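In what follows, chains are A, B, ... by sequence order, proteins preceding strands, each numbered from 1. This one's a predicted model, so the numbers in the text were calculated from it and none came from an experiment.
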Amino acid sequence: MSRWQIARLVASKDLRIERRSRVLMNQVLPFAGVTMVMFAFALDASNVLERVAPGLVWLATLFSLLVLVQRSFAIESDDGALDALRVAGVDPVAIYWGKAFALAVQLAVLEVVLLIAAVLLYGADVPLGGIVLLATTLVTATCGLASVGTLYGGLTAGFTGRETLLPLLVLPVVAPVLIGATRAVESALGTGGVALSEGWPWIGLLSVFAVAFGAGGALAFGPLIEEAT
Amino acid sequence: MLGILALQDAGFILGGYAITFAAIGTYTWRVMSNGRKLAEQIDDSDKYWT
Amino acid sequence: MTTTPTIPAEQPAATRRAGTGTTATRVLGIAMVVTMGWLVAFGLGFSPADRDQEDAVRILYVHVPTAWVAYLAFIVTAVGSAMYLFGKKHSLGFDRFAGASAEIGVVFMALTLVSGMLWGKLTWGVYWQWDARLTTTALLFVSYIGYLAVRGLGGSHQQRAKRSAVVGLLVVLEIPLVHFSVKMWRSLHQDASVLDSEGDVSMDGLMLFSLFVGVVAFTLWYAWILLHRTRVMAMEDMLDDHGLDRALDARRAEAEEQS
């Protein structure tokens, strides 16, 4: 089987599990929604909320990312599924691509919902001219987040005492994505008077990040899951 | 020597140097005392630096 | 390089060499102490105060060198990680070397942050200012704490080595990404200021010399303590294995008794 076919199998397996268990729908999205409400309680001023809405959307995304990653690998540790794949000699790069893709799809759904929540709750405004920038930001940022999440998820999966390490490892690494995605969305929405054109350099940064960790992650995933768990 | 105290904002500057050397000294002391403790439990032939 | 110690031990305990010192480290150590003394003498004494920053510039003789040596330490960690991962023998010595270097790098990064905050309080009036260098340092500091946490996850020495090597290389990949994103971010908030956040006052003469002495002093300490820490790690690993071998020996002895 080609690497591409295996990756597709792994991705569709993960997405099928999600469709049946509905963890994203029933648990993660509500969690993200609650987070958005909590931000409003903490920040308490509607003009402030509107100004920082893009940042809050991405913060809520990052926190939910941690939950999604742990879920992505919990389904592997139960019944030793990842071990079975590994021992059977399945190409780890293909497993990585498959899981990262499934994670990206779930992340994208989450981000769209959060954006809608920001429009509803924080009074954010989505001008038509910014849609392209917005969509591009979503795609590039999601690729970067999914790459990093799948990689460190593989590292910390399995043992108790290891999962707690995930946030500490992931958050510093995705800081560039938080910075870039927030600035780009601010441009797209025109928050704080930022011009549309200022968003595109950030897309450059997000793309470099996605490519660097997509490649690095694929290479690193094999050695990381190779050990006996 | 007391001229050092005449430095502007002596507290911050001396404090900075003091913290630095204290941290370096503490880390050094811990590594070296660990080293001494462990070295007596292992034959010299097993130590790659002897 | 074998890490399994001789069992049972052949050398009487009293004759074993105490500590981890060798001629090389003694020479390094003396040079280090001397230059540290010079750093204090020049930094606090012989060098002049700056025209704008006045005596606050003296903190830079500590702040800037600790930052440089921290980066040096992390590059060494990446190199050690690569030599472990891509070397044919997967020698654990490289893993220990990388781990020790990262530990020391974290110490230096913490000192960079503390001295930077003290300098900032004197020159900017605030302890923290989200400037590019401090923010990047803070993020990398946390990243390397994560690296050290990964080293502590347990398992066999080879497992630890492989995991750490991969993470060590990934964090180095992260450095330019963090650096550029933070720099781009802070350039949005550029305020004109006499004292730019880098504190790169044009230094000359004795001031530059003091900075140079600082770099030499801290690099010497880094090299010296790196050698010692790596040796201590080797002994820790040996005793780890020793404990396992002892247990195996005991089981074997039991089995023989029963048969």
*Can C:H228 and C:T20 be counted as having a side-chain donor-acceptor contact under 3.5 angstrom?*
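The answer is yes; a qualifying pair exists.
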*asked:* Under 3.5 Å, is there a donor on one side chain and an acceptor on the other for C:T66 and C:T112?
replied: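 Their side chains do contain a donor-acceptor pair, which is all the 3.5 Å distance test asks for.
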*asked:* Heavy-atom cut-off 4.5 Å, strictly under: side chain, backbone, both or neither for C:V166 against chain A?
replied: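 Contact with chain A: side chain only.
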*Which one of A:L165, A:V208, A:V177, A:L168 has the most heavy-atom pairs closer than 4.5 Å to chain C?*
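Ranked by heavy-atom pairs under 4.5 Å with chain C, first place is A:L165.
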*Which of the residues A:L151, A:V173, A:L169, A:L171 is involved in the greatest number of heavy-atom pairs with chain C at under 4.5 angstrom?*
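Looking at each of A:L151, A:V173, A:L169, A:L171 in turn, A:V173 comes out on top.
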*asked:* Counting the benzene-type ring for Trp, do C:Y84 and C:F94 have ring centres under 6.0 Å apart?
replied: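 Between C:F94 and C:Y84, which both carry aromatic rings, the centre distance is not below 6.0 Å.
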*Is it true that A:W202 and A:W200 have ring centroids separated by less than 6.0 Å?*
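No, the ring of A:W202 stays outside the 6.0 Å limit from the ring of A:W200, centre to centre.
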*Is it the backbone or the side chain of A:L219 that comes under 4.5 Å from a heavy atom of chain C, or both, or neither?*
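It is neither, since no heavy atom gets under 4.5 Å.
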_Between C:S101 (side chain only) and C:A73 (backbone N and O only), is there a donor and an acceptor less than 3.5 Å apart?_
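Yes; judged by distance alone, with no hydrogens or angles, the pair exists.
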_Which one wins on heavy-atom pair count under 4.5 Å against chain A: C:L139, C:V150, C:L177?_
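The candidate making the most pairs under 4.5 Å is C:L177.
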